[in-house]
2 protein chains.
Amino acid sequence: MTLIPTASPRANINQRRLMRDLNAIGRIGIGDHGAVTRLVFSIKELRSRQLLIHLMRQAGLKIHIDAIGNIFGRLDGREPKAPAVLSGSHLDTVIHGGKYDGPVGVIGALEAVRTINENKIPISSSLEVVCFIGEESSRFGFSTLGSSLVAGEVHPKDLTNAVDPQGTKLEHVLASLGITRRNLTSLKRAPKGLKAYLELHIEQGPILEAKKKRIGLVTSIAAPSRFKVVFSGRADHSGTTPMEMRRDALVASAQLIEYVEKVCRKFSSMEKGRVVGTVGAMKIEPGVINAVPGKTELSIDIRSTTARSKDRVARMVKRRAQEIASARAIGVEILPIREEDPVPLDKRLLRVTQEICDQKGIEYEIMPSGAGHDAMQMAKITPAGMIFIPSMRGISHNPLEWTDPEDIGLGSQLLMETMIRVANE
Amino acid sequence: MTLIPTASPRANINQRRLMRDLNAIGRIGIGDHGAVTRLVFSIKELRSRQLLIHLMRQAGLKIHIDAIGNIFGRLDGREPKAPAVLSGSHLDTVIHGGKYDGPVGVIGALEAVRTINENKIPISSSLEVVCFIGEESSRFGFSTLGSSLVAGEVHPKDLTNAVDPQGTKLEHVLASLGITRRNLTSLKRAPKGLKAYLELHIEQGPILEAKKKRIGLVTSIAAPSRFKVVFSGRADHSGTTPMEMRRDALVASAQLIEYVEKVCRKFSSMEKGRVVGTVGAMKIEPGVINAVPGKTELSIDIRSTTARSKDRVARMVKRRAQEIASARAIGVEILPIREEDPVPLDKRLLRVTQEICDQKGIEYEIMPSGAGHDAMQMAKITPAGMIFIPSMRGISHNPLEWTDPEDIGLGSQLLMETMIRVANE
């Protein structure tokens, strides 16, 4: 990929149209307090994909839907056989989510491509708007479903055991949609057919807002180490058991919770390998006011953009759990949940977007992504980049999720200009 | 009350009969894993009281049942009009409790009185075996119901709002048993009709077992300060929110949990005013692995046998909660649940039992009670004393609750000898 600087195209995306379509998607699955729920393969989610197909058709794109339901809308370039530039995100949501996590990237890419089409901006490579299915893990506990299949990162047989909270098997849902396991084996896109993948997304964090930047250029996607720590002490009567005879699992947990914060704060001040760590959930048994807690189960999430820092901190936390348990003469067990590797994004794609920002005088922040995205799967088969726009107060997965329409428009405009440059490189 | 030393009576309680009756009571309401459930005013609890009435009648006692269902079985002394010596406890249990918390004191007193009767041991004052209704708070959230009414410590109208978890009002339960509020106003026993109240009970704590003592002589009954601390931070994405931008309510809670232990350990080393403090329950919101906890609610129980120490520690914990919240720029609210005063038991009654132990060579521990008992109500109208016997591993309110039959027998024997001495003083 050689960077051939081109003049910035004159075309501007239509922010009003972009917001209209984004709001149309956002009304599908809307409930109380503006909460949006479009779980993967639900009727609501199917309706949002149908609306997208309609919008792609209106925009004059050639539509391809693969066996799992990923949607590709293509605008042919002057060299239709050259590798294509893809951009998109997802339309499914968590339970009671917001309207921007996902759709901003799909409709933002659609707006970019239809603006290019309308303005007859010359492009060498073809452009594709993509909507990946099932990016959120809320229904089947399986995230980035569609992009994992496209990247060849998951084997269809790994999906067969997934079950939703109602007890419905993913396999049966697929069967009811006429999708067999055999259909799914050919979803992987050949890397040679792809030039780049770009994803516009809300930050889902507070950094851009705090730094008063409207654009984030993403260097890498952090990955979590997730595990549970189970402390087994002894449940005792809260009135009759002297302090020195207790085996209180909750006080042990409190020490570990404080340690997670302390060690991550230490690592967060380092330029590289910034780490965040969270104890988000805890079960307490018996969990009544008049009993010393006998057993606790802590759910811990440690993330970093470098595997080395993440693994180091996870090891330190596990070691500390052992030390606390042994000092208190209680039991401890560590149960792994998930280990993933951070994904670096493409440096040259970042530089293209950065140059456009510099030329246009847009202030940006170069930053990692703490959350996972379809881009982390696509990065395995093609150079991938991400553009972030601010999230009000960092809120997401929540009906209060909000991004200024001006920022959504700016993100789509920047995405368009990046796609044009990359397609014409 | 003047102490007139008398020779120890020759009579010995019948341990086999005592255990037989205790086991007969224990089979009423027994379920899986030997768990016993006899909630106040349930059919099971009514059956246990009927069996007790039968046993009292067999023992030749005169039976009186008051309006709420407290049962008194009386053996007249040579001076029937002199103040009576009462001894007993309760037959109701928690949900999935054991068979000794309560019944040991009722059947232990019955065994003592019937042994006195059979052996024609001369007694001046009358003796009464008592079964108080509703000592456990498990059904209506109201503990020591029967003894509170007998002590005149609760006004019947205070009971009308009590509701059980199924939504049944205590008032309606009473009405269905033909009990009106008016019936309940005359339950208070006149202090001049009472000489003393003695209660045999399992320790429900680990001290006697740890110190290898078979008898505990109780100096006072601790009382709790119970309150909730609610920390209000901000729920954030666990991957995208830098450590320094978090308002994590759980880490704040962890600091407070550790502080409760620390300050109580400090006070537990003092001879007087020993304090125990427990965070037994906590709610966490949203309580998922990928979100920084935004809100927590801790249930805190601080107990001591001196009001001064208890109140001081409770104040320190509340102050610390404020400090933690203010250092973390999060909100905090303190919600009172219950404030009670510790109850000192009668020193002279303790000395009577202590002398008997010394004469018989029984090793005893002089100790406070961390748990509440009917004795704390009775202490308000008459000199009250308690005899503890060991609880295996301190376990109670649990099917694993266990006390050696030899210790139960010894407790009943010591109770009998104390009753004889006090009745003849």
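Proteins come first, then strands; the chains are lettered A, B, ... in the order of their sequence lines, and each starts at number 1. Only heavy atoms go into these numbers, but all of them, side chains included; no hydrogens, no water, no symmetry mates.
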Winner by heavy-atom pair count (cut-off under 4.5 Å) against chain A, out of [options]:
options                            : result
D248(B), I207(B), V288(B), I284(B) : V288(B)
A371(B), P286(B), S238(B), A291(B) : S238(B)
V260(B), N398(B), T241(B), D236(B) : T241(B)
M245(B), H397(B), R234(B)          : M245(B)
V292(B), I302(B), I257(B)          : I257(B)
G277(B), G394(B), S369(B)          : G277(B)

Select, from [options], the one with the greatest count of heavy-atom pairs under 4.5 Å involving chain B.
options                            : value
P242(A), S391(A), P224(A), P368(A) : P242(A)
I395(A), I337(A), L298(A), I300(A) : I300(A)
S304(A), S396(A), S299(A)          : S299(A)
G205(A), A281(A), A210(A)          : A281(A)

Return yes when atom NZ of K295(B) has more than 12 non-hydrogen atoms of other residues, nucleotides or ligands closer than 6.0 Å, and no otherwise. no
Is the number of heavy atoms from other residues, nucleotides or ligands within 6.0 Å of CZ (R393(A)) greater than 12? no
Side chain to side chain, [X] and [Y], heavy atoms closer than 4.5 Å:
X       : Y       : result
V276(A) : H237(B) : no
V279(B) : P293(A) : no
K228(A) : I289(B) : no

Side chain from CB out, backbone as N, CA, C, O: work out which of these in A222(A) comes under 4.5 Å of a heavy atom of chain B, or both, or neither. neither
Roughly how far, to the nearest 0.5 Å, is [atom2] of [Y] from [atom1] of [X]?
X       : Y       : atom1 : atom2 : answer
R246(B) : T278(A) : CZ    : OG1   : 3.5 Å
S137(A) : N290(B) : OG    : CG    : 7.0 Å
L250(A) : E261(B) : CG    : CD    : 10.0 Å

Is R328(B) paired with E258(A) through a side-chain N to carboxylate O contact shorter than 4.0 Å? no
Is a side-chain donor or acceptor of T240(A) paired with a backbone partner of Q204(B) at a separation under 3.5 angstrom? yes
Whatever's closer than 4.5 Å to a heavy atom in chain A on M282(B) counts as both
